[in-house]
Amino acid sequence: MTNSNQTLSTAEKVNQSLQKRYRAEKRFRAYGISAIAFGLLCLVVLFTDIISKGHSAFLQTYIKLEITFDPVEMGLDDPTDARQLAMADFDSLIRNALKEQFPEASDRRDRRALYAVVSNGAAFKLREQLKADPELLNQTVPVWMLADDDIDTYVKNREDAQGETFAGRISEKQMGWVNTLIENDQVESRFNTTFFTSGDSREPEQAGILGALMGSLLTLLVTILLSFPIGVAAAVYLEEYAPQNKFTDFIEVNINNLAAVPSIIFGLLGLAIFIGFFEMQRSLPLVGGLVLTLMTLPTIIISSRAAIKAVPPSVRDAALGLGASKMQMVLHHVLPLAMPGMLTGAIIGFAQALGETAPLLMIGMVAFVVDVPGAITDPATALPVQIFLWSDSPERAFVERTSAAIMVLLAFLISMNTLAIWLRRRLERRW
Amino acid sequence: MQAVNTPIQENEKLNANTNEAERKPSGAEQMNDSAAKVGKTVGKPFAKHPKMTMRNVDVFYGDKQAIHDVSLDIGKNEVVAMIGPSGCGKSTFLRCLNRMNDTIEICKVSGEIKLEELDVYHPKQDVVPLRARVGIVFQKPNPFPKSIYDNVAYGPRIHGLVERKTDLDEIVENSLRRASLWEEVKDRLHAPGTGLSGGQQQRLCIARTIAVSPEVILMDEPCSALDPIATAKIEELITELSEKFTIAIVTHSMQQAARVSHRTAYFHMGKLVEVNDTKRVFTNPEHELTEAYITGRFG
Ligand SMILES: Nc1ncnc2c1ncn2[C@@H]1O[C@H](COP(=O)(O)OP(=O)(O)OP(=O)(O)O)[C@@H](O)[C@H]1O
Ligand SMILES: [Mg+2]
């Protein structure tokens, strides 16, 4: 009581410092919120950019032409004969149809420009059509055909360029023809199924993502099937069985170092071992998967070890105290409890592997592959590599396809993560 | 009641010589230097019908010796309490009896520990059958994060004790009944064991241990996390269990030791100071260190 004048009581001191603490608390929270806001902003910018650039790739321009299946022009008299069908000249049918509609294109240069309005893949479609329905011979029918990529780009951007001349890669004359076609309702934008059902192509309008998607899927499958069991087994051994000595310390340091090695080095390693030594083919999802396995193993081992370490020792004691063998303890108690944590680490590893480009370049998965791979031993490319390839192409139509491919990659990634999170939740629910 | 008294009366005769061997040291002024005072174990460390025999047991954690030359018997159907100040090595000693110390890499045990004729620390001895015969209940309740049923059924399952589901159901029910938990959980056998209260969890752990039908049950401060009512239940349980099992229990509660045990062993800085009938230890201890401890002068 006597010294209350000179010195403040504890409660008063606390109250004084309280204001300061509240302010610090507020500031601390503000830092967190601004960090999250910044992250979200970046995400929004990224997504708007990609979607605004890429959404048009999901539409494709088609042109309707009156095609006469003239046996003389085609050089074919029996549409059921596969050999004749393969030799027949369907391009001339398209050329005739175009010539008929636009007789004003008379000299060779104009003609060539006119023929270029339709994709050079359109002839395949006619062949398929005749093969499916041989009755069409000698008939004249309207057929919707893929437009060339430059025409497609013009049609999609026509409205934006109103008033001024379109600065695309098509000539004034082609523009006039397309406008005529549009006026005649001979042009239509449809959902671009080709993009999802075919492999790569030099012609943007015929290029699809399916080949790369399958390539990525197969590669990732190999990676998951190899790296998860191996990684978990290694982690279990190191955590539960390995004695603590210099040798295991050495292994631990090495695993941590491997996790930091640039991925391209793993590509070089794969090139030397799998292709150089084991003489596997280049460009195979199998080799890609092996290389990505090497790359993701350290991540999986480290996160699995952390998850195993986090299992309370009391559970181990309980199992051992009842007379469980070490293996029973691991299989019945440690692994089930560690599984959600191990999955979290594995998801990060696999997401990284899915987006990885550099090591795949080293083992030749950058090749131009038209066919959609069906097995891990078919030459393939992968989604990120496909994006890299398309972004490098000069055609304007590949710009939107690059963004569309990025969207597909992101969708793949998100669905993979969703699956993993769902799986984790399910495992966690077992209390 | 007879089953309880017999081993103790027999021990009386067996340990008669040891009683004479050591006279109660005097001179409380040297209490600080208590370690020097420990000397040889006084009282009656041996039993006529031993279930477990320990002779000259030393335990080291790395270079540090935690147990010094301890010899003790635990008789059949006997409850032996182990008391002593914190850090004196009670848990360490208890964990030697079913080799739980094996999980600590730096822990080295020497001396002889026998379960009847079985050499516990024989290099060729597998810990799995040993731990099936010598069960343990830990200080902190540690049910598996599984259902109540699976917790109790785990031991019988891994040891292949039953073939039919109905037999397993029976074991689970009997074990839960013995642990006096059945009435509380019979309607929710498939609810998680971790969802029970602390006292219920500890009784679940006891049920889990007795489901394997071990011969010896080791308990390391089984009531330290429990309230008086749950403690009373478990103490009652220990008395009942001693009709069928041999029990070694570590406790910090002298009342508890007095209530449940036949003999009490007092540990001090890794040495076994005194073993005597519980009544004697708490009314007329032979060794001055024991007396100091139970009268609360230190520890
Ligand atoms: N894992 C370990 N590593 C190293 N030393 C240990 C280890 N466990 C126990 N010790 C040491 O061994 C001695 C005995 O420990 P112990 O746990 O057996 O004591 P206690 O009598 O059970 O104590 P409390 O009553 O507090 O449980 C202590 O000095 C302790 O520091
Ligand atoms: Mg202890």
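Each chain gets a letter, A, B and so on, in the order the sequences are listed, and its residues count up from 1.
- Under 4.0 Å is where a charged nitrogen must lie from a carboxylate oxygen, and between B/D73 and B/K51 no such pair does.
- Heavy-atom contacts from other residues, nucleotides or ligands closer than 6.0 Å to NZ of A/K246 number 12 or fewer.
- When each of A/R316, A/H332, A/Q244 is scored by its heavy-atom pairs under 4.5 Å with chain B, the top score falls to A/H332.
- For residues 173-181 of chain B, heavy-atom neighbours of chain A at less than 4.5 Å comprise no residues at all.
- Between A/H333 and B/Y154, the ring planes lie perpendicular to each other; the angle is over 60°, past the 30° to 60° tilted range.
- Among the residues in residues 94-113 of chain B, those with a non-hydrogen atom closer than 4.5 angstrom to a non-hydrogen atom of chain A are B/R95, B/N98, B/M100, B/T103, B/E105.
- Counting heavy-atom pairs under 4.5 Å between each of A/A324, A/P313, A/G323 and chain B puts A/G323 at the top.
- Using a 4.0 Å cut-off between charged nitrogen and carboxylate oxygen, A/E252 and A/R305 count as a salt-bridge pair.
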### Message
Could you walk me through whether A/E356 and A/V291 satisfy the side-chain contact (heavy atoms from CB on, under 4.5 Å) test, starting with their C-alpha distance in whole Å, then the side-chain angles of each, then the deciding distance to 0.1 Å, before giving a yes or no?
### Response
CA-CA 11 Å; A/E356 202 51 73; A/V291 168; over 6 Å; no

### Message
Is there a side-chain contact (heavy atoms from CB on, under 4.5 Å) between A/L213 and A/V408? Walk through the geometry before answering.
### Response
CA-CA 8 Å; A/L213 191 68; A/V408 170; 3.8 Å; yes

### Query
Taking it one step at a time, do A/Q328 and B/I158 satisfy side-chain contact (heavy atoms from CB on, under 4.5 Å)?
CA-CA 8 Å; A/Q328 286 171 328; B/I158 56 169; 3.8 Å; yes

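- Crowding of A/F38 atom CZ: a count of heavy atoms from other residues, nucleotides or ligands under 6.0 Å not exceeding 12.
- Considering all non-hydrogen atoms of both residues, B/H252 and B/G84 come closest at CE1-O, 3.7 Å.
- Proximity to chain B is absent for every atom of A/P312, based on heavy atoms less than 4.5 angstrom apart.
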### Task
Give the C-alpha distance, both sets of side-chain angles, the deciding distance and a yes or no for side-chain contact (heavy atoms from CB on, under 4.5 Å) between B/V120 and B/K114.
CA-CA 5 Å; B/V120 169; B/K114 277 191 160 173; 5.8 Å; no

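- Of residues 126-142 of chain B, those residues with a non-hydrogen atom less than 4.5 Å from any non-hydrogen atom of chain A are, in numerical order, B/V128, B/R131, B/V134, B/G135, B/I136, B/F138, B/N142.
- A salt bridge links B/R203 with B/E184: the closest approach of a Lys/Arg side-chain nitrogen to an acidic carboxylate oxygen falls below 4.0 angstrom.
- No more than 12 heavy atoms of other residues, nucleotides or ligands sit less than 6.0 Å from atom CG of B/D63.
- B/S197 pairs by the side chain to side chain donor-acceptor pair (under 3.5 Å) definition with B/Q200, not counting sequence neighbours.
- Of all non-hydrogen atoms in A/A351 and A/M416, the two that sit nearest each other are N-CE, 3.6 Å.
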